[in-house]
Amino acid sequence: MRTKFILLIVLLVALFGADVVVGSTGLLWPFGAGRDDVAWRILFDFRLPKATAAWLVGSALAVSGLLMQTVFRNPLAGPYVLGVSSGASLGVALFLLGAPVLSGLGVARDLGTAVAAWGGAVAVLVVVMAVSARIKDIMAVLILGMMFGSGAAALVDVLQYFSSDSALKGFVIWSMGSLGGLSHVQLLILTLCVGGGILLAVLSVKPLNLLLLGDGYARSMGVSIRRVRTVIFLATSLLAGGVTAFCGPIGFVGIAVPHLARMCFRRADHRILLPASMLIGADLVLLCDLLSQLPGTDLILPINTLTALVGIPVVVAVVVNNKRGRMM
């Protein structure tokens with residue numbers, strides 16, 4: 001087990017370094033006698049922030065997916081499937097399209113976008129949680145979560161129809177999803193969001209393990225189900241909302257990576273699954289970011305395209321294994 005963690009860490013360092021070096025523009029190392037100011041700016045204003053964003057995004061989405069799958073005890077749960085990402089998108093749309101004056105002010109735009117994404121994610125989670133308290137069929141809850149996501153997407157379409165050209169352009173660019181272009185302020189806010197969400201997840205490791213055995217057993221061990229779910233939903237909102245706010249909606253990472261962690265370590269203990277999911281998620285998104293950069297051209301594929309190509313086969317395998325009575 002220790003060897004697997006070491007390999008994942010080594011792979012993370014290698015992929016991070018490759019993501020910093022690889023690009024459409026040749027990069028000379030900006031230190032020493034041959035220091036190049038252009039190379040310096042490329043490295044510190046674009047390459048490093050983009051690689052750091054990929055690291056944060058992968059870890060955040062993987063942890064949020066793990067939390068959702070544990071709380072709902074369903075292998076298909078995740079921020080994208082449950083409509084959390086769609087709710088965050090709706091919050092961002094309300095801010096960028098509904099308050100164009102505020103959205104044009106630097107720091108106010110960054111903070112407002114993050115807060116709007118958190119609010120949208122929390123709203124959807126509260127609704128899903130309220131429904132799950134009344135409906136015991138978890139598949140029905142997942143279907144309703146998808147319906148909430150579709151409803152949020154419909155509201156976004158309405159907002160786009162009535163918005164101005166300038167506001168619409170800004171939102172469309174955001175909705176494409178990208179790891180590049182983050183300012184240092186945005187990266188700092190994203191880091192705080194991801195750090196806060198992961199800290200809450202780490203503090204909830206013991207209750208999460210007890211929830212695997214059922215709510216009744218967890219209560220008998222002194223766990224407050226409502227309090228734990230509130231903390232987990234807050235963590236998910238910080239993680240999925242922060243990522244969606246600055247990088248756009250990125251799918252399939254949250255649902256696929258926890259299963260990859262289970263397949264790799266063959267454990268259900270969150271003390272192992274949590275760091276494993278963080279490392280595998282970061283490795284996966286860094287790899288997708290590397291593959292998205294077409295060599296010899298200035299073209300960059302949308303990161304959603306690559307994460308979907310990796311995540312969809314994992315989801316299909318999960319469904320097939322469940323039909324056969326096995327869990328990944």
Side-chain angles (χ1 to χ4, degrees), residues 57 60-61 63-72 74 76-100 102-103 108-135 138 140-163 167 171 174-175 177 189-190 192-194 196-198 200-201 204 225-251 253-255:
V57 166
L61 293 179
V63 171
S64 64
L66 177 64
L67 296 178
M68 290 293 94
Q69 290 173 12
T70 301
V71 169
F72 288 96
N74 190 284
L76 298 180
Y80 191 81
V81 175
L82 289 173
V84 177
S85 297
S86 297
S89 298
L90 176 59
V92 173
L94 288 171
F95 178 73
L96 294 180
L97 302 178
L102 288 178
S103 63
R109 175 191 174 96
D110 296 338
L111 291 175
T113 302
V115 172
W118 297 332
V122 168
V124 171
L125 276 174
V126 169
V127 174
V128 171
M129 190 60 200
V131 171
S132 65
R134 295 176 175 270
I135 301 177
I138 196 64
V141 174
L142 291 176
I143 293 173
L144 288 175
M146 295 174 65
M147 294 302 100
F148 294 147
S150 299
L155 291 176
V156 170
D157 291 339
V158 172
L159 287 170
Q160 292 184 60
Y161 183 81
F162 289 104
S163 64
F171 179 76
W174 169 87
S175 65
I189 297 174
L190 177 60
L192 293 176
C193 292
V194 175
I198 290 178
L200 292 175
S204 304
I225 303 298
R226 178 176 297 181
R227 181 184 303 169
V228 171
R229 286 179 175 173
T230 300
V231 172
I232 291 174
F233 284 176
L234 178 58
T236 302
S237 300
L238 285 171
L239 294 169
V243 168
T244 305
F246 298 117
C247 301
I250 299 176
V253 176
I255 188 173

Next on the checklist: Enumerate the side-chain hydrogen bond (donor to acceptor under 3.5 Å, both in side chains) contacts for residues 229-250, please, sequence neighbours excluded, ordered by first and then second residue.
Outcome noted: D215-R229

Compile the donor-acceptor pairs under 3.5 Å between side chains in residues 152-162 and protein atoms, sequence neighbours left out, one pair per line.
none

Looking at [atom1] of [X] and [atom2] of [Y], how far apart are the two atoms once the value is rounded to the nearest 0.5 Å?
X: L239; Y: I232; atom1: CG; atom2: CD1; result: 11.5 Å
X: I198; Y: C193; atom1: CD1; atom2: SG; result: 11.5 Å
X: L238; Y: L192; atom1: CG; atom2: CG; result: 10.0 Å
X: S204; Y: R227; atom1: OG; atom2: CZ; result: 11.0 Å

Next on the checklist: So L61 and I250, do their side chains get closer than 4.5 Å, heavy atoms only?
Outcome noted: yes

Item to check | Residues which pass side chain to side chain contact (heavy atoms under 4.5 Å, CB included) with V124, listed by chain and number, not counting sequence neighbours | outcome: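 Listed in chain order: V128.
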
Do you know the tightest heavy-atom contact between [X] and [Y]?
X: W118; Y: G242; result: NE1-N, 3.7 Å
X: A235; Y: G197; result: CB-O, 3.5 Å
X: V92; Y: A245; result: CG2-CA, 4.2 Å
X: G241; Y: A88; result: CA-CB, 4.3 Å

Item to check | Stepwise side chain to side chain contact (heavy atoms under 4.5 Å, CB included) check, M68 with I255 | outcome: CA-CA 9 Å; M68 290 293 94; I255 188 173; over 6 Å; no

Checklist entry - Can you list the steps and then say if V122 with F233 is a side chain to side chain contact (heavy atoms under 4.5 Å, CB included)? => result CA-CA 7 Å; V122 168; F233 284 176; over 6 Å; no

